[in-house]
Amino acid sequence: MKFNRFIPFAAPSQLLVCETDGFSLRAAVLRRADHDLNVLYRAQTEQVDMAEGLSDVLAALKNQGWQGGGAAILLSPAVFSTLVELPVNPKKPRPLAQMLELVRWEAEPLLLQHVTRWSVGHLLVGQGYMTEEQARAVMDLQQGKPSANGNLAMAEQFSLRRFGDLAVEMGYIKRSQLNACLTGQEWLKSGDEAIECGWAAQGAVEDIPGTYNWLVSCVHRSLLQRWTDAFARHGVKLRAMYPLTGCSAALLPAAESNAVLLETQPGLGLGARLAGGSYTALRHYLHPNKAALDICLESYHALHAPPREPVWLACWPPAPELAAELEHMLEVDIQRLPHAAAGDGVSPGMCGAAYHALGLGEATRCAGVRVGGPLPPVADRLEVRAAALALALFALLGVAELSLWVRKSSVDSYKQQVDASWRSIDEAVKRINAKTAEIGQIKDKIKSLRGEQSRLENLAHFYDQDIPERMYLVKGVLGMLQTVVDDEVVIERLDEPDKSAAKPAAAANPAQPAGPLDAKRIEAEHFELEAWALSDSAAQTFVKRVGDAAANWDLQVTESKVAFGKGPLNANGFTIKLRLVKLAEPDGKIIRLSNPKSYETPTFE
């Protein structure tokens, strides 16, 4: 489906691009592919009559498979582009009618001066039908100036005659050559004063506050209409006309904000300088017999560009050696501005104009003359207003549909709530019964958890208090023994018997009579110590020291025995055996020795 029929301001995906120099016509069908262009078909003709030439190239394109129709743009030397200074801020544009008057006031005299270049003499010299010297001789004769080959009377006889007729009578050209130039001239200039313009905003003028540069393209309205009718006869809609030189700037990389562009066509040249992404200078060059190298050199020097500024070259017809010659002459790096679509029958200018028309390049680097005049601001366009009205109608319909849908949804929701309430009542009864059963299970579980909690508390008490106290006691006993041992005593064994069964305090010391409290007390801790002393006095002293030191740890010395016996290395001495006991009440509370009996008198065996 071709959406352009319904959205006339949308950019097409396929475009017919034509280019003429007044004596030939090239055409190519370009298609937009993502952010690039592809050439589908191309054709060209040397037909001087552009109406017939357009028929020839369109027929050739259709023979290659082109379906015809669609949109087209045209590049022509009849379109003049230049920079004009206007007191119009691009951010605050004037109304369209006022902007047109300002642009036409500036562009009209420049266009009239440009059209004078397409005189018959210029075209005859440009086509190589006569030399510049011959053209100068005809002009002198036409203006009544005597020449070296004639007298004053002869000059007066030919004065005020047409240039072409004089050139034919003087034998410089043929009548057919004159007719060809006259036919080509009809498509390059017009006698009417009405012009059509297009523009693109640039940057501010540095030395004039409040003034801005505008890139303006203009062409005579009758000539634009003539081309529009020629395309319309073949079912093609001409959208815009572009200048023959300058459109290649649309191919410059977007990041290239400061650069110099040199573009050449046969007998034509353009030099442009960009600063900050905007045009600051634009120079056209026209000389039929000048070589492309000379045109580029003169255009570059006229711009007064800085020596390190990048220079881009767009040349048609392609001349690969031109870039190297310019680099040698200017001693600067020349970057060619080719395009994948440019080449056989497609110039860089055609690609640049297509980039601009399809919205692929920078919109400010190229300006065309739109058929029907410049578009007003987006808000003032008829098609935009129609689209906005259609969107508003669709929005109203959408709101109405949404309101009905909300009301229906509300009713359905209320019905679902009632049904859900009845279901919830039944489910609540079931949940209450289930909860009652769960409560009984929870009570049983609480009982089991309390038992588990008690076990865990005991276990935590064991790890948090019993074990640290035990470690502290063992370290204390070992430290105590270290302090009471002297050079005459050797500790042979320190043991802790099995504590699996608590031993009554009376059983711990059967030699002493049991009191009423000792019968209930039990041994919380007890150690068995074996040592050897060199003498009896050393043994007695050791037992006393142990008793005094053990009292600090709530330990009592019991069952102490000293006996004669062999010691280490089979030496004679006295063996010592005793028990260190810590007593506790039946409820497990340790008995503290505030005034303890540190030791008992050992028995001798």
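Reckoned from all heavy atoms, side chains included, excluding hydrogens, waters and symmetry mates.
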Side chain to side chain contact (heavy atoms under 4.5 Å, CB included) assessment of Leu83 paired with Trp214: CA-CA 6 Å; Leu83 278 179; Trp214 289 77; over 6 Å; no

Reference residue Ile195; test side chain to side chain contact (heavy atoms under 4.5 Å, CB included); the match among Leu112, Leu111, Val219: Leu111

Flag, side chain of Ser278 to backbone of Leu274, donor-acceptor distance under 3.5 Å: no

Sidechain N-carboxylate O distance under 4.0 Å for Arg175, Asp165: yes

ring-ring contact (aromatic ring centres under 6.0 Å, His included) pairs, two or more places apart, involving residues 227-284: Phe80-His284, Trp187-Trp227, Tyr242-His356

Atom CD of Glu193: over 12 foreign heavy atoms under 6.0 Å: no

Chi angles and distances behind the side-chain hydrogen bond (donor to acceptor under 3.5 Å, both in side chains) call for Tyr355, Asp36: CA-CA 8 Å; Tyr355 254 64; Asp36 210 343; 3.2 Å; yes

Donor on one side chain, acceptor on other, Tyr285 and Glu298, under 3.5 Å: yes

Evaluation steps, side chain to side chain contact (heavy atoms under 4.5 Å, CB included), between His287 and Glu132: CA-CA 11 Å; His287 200 296; Glu132 291 186 6; 3.0 Å; yes

Gln64 side-chain N/O to Arg42 backbone N/O, donor-acceptor pair under 3.5 Å: yes

Taking every non-hydrogen atom, the tightest pair across Ala259 and Glu256: CB-CG, 3.6 Å

Sidechain-backbone polar pair: Asn213 side chain, Glu85 backbone, donor-acceptor under 3.5 Å: no

Point-to-point distance, once rounded to the nearest 0.5 Å, from NE2 of His122 to OG1 of Thr116: 9.5 Å

From CD (Gln265) to CD1 (Ile295), nearest 0.5 Å: 10.0 Å

Pair Ser76, Thr20: side-chain N/O donor-acceptor within cut-off below 3.5 Å: no

Polar side-chain atom of Gln134 near backbone of Thr131 as donor-acceptor pair, under 3.5 Å: yes

Stepwise side chain to side chain contact (heavy atoms under 4.5 Å, CB included) test for Leu141 and Met170: CA-CA 10 Å; Leu141 189 62; Met170 296 177 68; 3.6 Å; yes

Straight-line distance of Gln177 CD to Asn179 CG, nearest 0.5 Å: 10.0 Å

Donor-acceptor contact below 3.5 Å, side chain Arg365 vs main chain Leu252: yes

Considering all heavy atoms, the nearest Val369-Cys197 contact: CG1-N, 4.0 Å

Closest non-hydrogen atom pair between His114 and Val79, with its separation: NE2-O, 4.3 Å

Smallest separation among heavy atoms of Leu75 and Met350, with atom names: CD2-N, 3.8 Å

Arg221 atom CZ, over 12 foreign heavy atoms within 6.0 Å: yes

Residue Asp333 excluded, over 12 heavy atoms near CG under 6.0 Å: no

Check ion pair Glu186-Arg226 (N to O, under 4.0 angstrom): yes

Modelled atom types, side-chain donor and acceptor of Thr245 and Glu263, under 3.5 Å: no

Gap between atom CG of Leu360 and atom CZ of Arg32 - 0.5 Å precision: 6.0 Å

Glu331, CD atom: more than 12 neighbouring heavy atoms under 6.0 Å: no

Considering all heavy atoms, the nearest Gly276-Asn258 contact: N-OD1, 2.7 Å

Atom pair CG (Leu326) and CZ (Arg336), whose distance is rounded to the nearest 0.5 Å: 11.5 Å

Nearest-0.5 Å distance, CG of residue Leu30 to SG of residue Cys351: 6.0 Å

Greater than 12 external heavy atoms within 6.0 Å of Glu133's CD: yes

Side chain to side chain contact (heavy atoms under 4.5 Å, CB included) partner of Ser24, chosen from Glu19, Gln44, Glu46: Glu46

